[in-house]
Participant: 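Okay, handing you the structure first.
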Amino acid sequence: YKISWPTDVSSGSDLIARALPSIGFAKVVQQPIFGEVEGQKKLITSLSAVGIPHEDHYNDALSFFLKQFYDVSRPKGSHAGVGNPGLIVTVKGDSCIVIETVLW
């Protein structure tokens, strides 16, 4: 099944409004991330006993979906007190949309 996607995205909110309905919760929870459990780095699913999905799960699901249509990067490696954007999406060759997800 091939999704047709409009290329005339005008802003980050436009992009998110178009993408979110295409990403089901199952896609979010199937994205495991590395986390720390009892002092050890482990691969954690979002349905683990230690919590529910958080922003990395949603960022990975959005990235997975949007890579079908755009060049998407997922910046990593910020340090305490300094954040980094969740996604950087390059649209129309030379424009980019930076998305910072915040989940409470």
Side-chain angles (χ1 to χ4, degrees):
Y1 176 70
K2 180 80 173 158
I3 299 171
S4 65
W5 186 263
T7 57
D8 60 339
V9 175
S10 62
S11 66
S13 56
D14 182 25
L15 182 70
I16 294 295
R18 294 176 191 217
L20 284 180
S22 302
I23 301 169
F25 187 70
K27 180 58 73 182
V28 173
V29 298
Q30 79 177 14
Q31 305 292 330
I33 60 170
F34 280 100
E36 194 166 313
V37 177
E38 298 175 359
Q40 294 185 330
K41 295 270 186 189
K42 294 184 177 188
L43 195 59
I44 301 172
T45 70
S46 54
L47 296 179
S48 68
V50 295
I52 59 173
H54 55 84
E55 68 183 75
D56 282 338
H57 293 103
Y58 288 94
N59 287 340
D60 286 346
L62 273 169
S63 175
F64 180 81
F65 176 76
L66 291 172
K67 280 183 179 180
Q68 299 174 76
F69 314 105
Y70 304 106
D71 181 29
V72 179
S73 63
R74 287 270 292 117
K76 304 268 186 183
S78 66
H79 56 280
V82 179
N84 59 323
L87 298 169
I88 299 175
V89 182
T90 303
V91 295
K92 299 178 185 173
D94 61 348
S95 299
C96 68
I97 295 172
V98 179
I99 299 170
E100 171 60 33
T101 54
V102 178
L103 300 176
W104 295 90

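Bear in mind the structure is a predicted one, so any value in this text is a computation, not a measurement. FYI, side chains are in, hydrogens and waters are out, and symmetry mates aren't considered; it's all heavy atoms of this structure.
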Participant: Considering residues at least two apart in sequence or located in another chain, which fulfil the side chain to side chain contact (heavy atoms under 4.5 Å, CB included) criterion with Ile23?
Facilitator: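 By the side chain to side chain contact (heavy atoms under 4.5 Å, CB included) rule, Ile23 matches Lys27, Val28, Ala61, Leu62, Phe65.
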Participant: Minimum heavy-atom separation for Arg74 to Asp60, with atom names?
Facilitator: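 Heavy atoms only, the tightest pair is NE-OD1, 2.9 Å.
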Participant: With Tyr70, which of Ile97, Thr90, Ile88, Leu15 fulfils side-chain contact (heavy atoms from CB on, under 4.5 Å)?
Facilitator: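 Looking at Ile97, Thr90, Ile88, Leu15, the match for Tyr70 under the side-chain contact (heavy atoms from CB on, under 4.5 Å) is Leu15.
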Participant: Return the minimal non-hydrogen interatomic distance between Pro75 and Ser73, and the atom names on each side.
Facilitator: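 That closest heavy-atom pairing would be CD-O, 3.5 Å.
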Participant: Heavy atoms only: give me the nearest Pro85-Val98 pair and the separation to one decimal.
Facilitator: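 Closest approach of Pro85 to Val98: CB-CG1, 3.3 Å.
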Participant: Could you pull out the closest heavy-atom pair between Asn59 and Gly86, with the gap in Å?
Facilitator: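 Scanning both residues, the minimum pair turns out to be ND2-CA, 3.5 Å.
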Participant: Go through the structure and list residues passing salt bridge (Lys or Arg N to Asp or Glu O under 4.0 Å) with Asp14, not counting sequence neighbours.
Facilitator: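 Asp14 satisfies salt bridge (Lys or Arg N to Asp or Glu O under 4.0 Å) with Arg18 once adjacent residues are dropped.
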Participant: Do Val9 and Val89 have side-chain heavy atoms sitting under 4.5 Å apart?
Facilitator: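 Side-chain contact under 4.5 Å: no.
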Participant: With sequence neighbours left out, what residues match Ser13 under side-chain hydrogen bond (donor to acceptor under 3.5 Å, both in side chains)?
Facilitator: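 Testing Ser13 for side-chain hydrogen bond (donor to acceptor under 3.5 Å, both in side chains), a comparison that skips the adjacent residues, returns Ser11.
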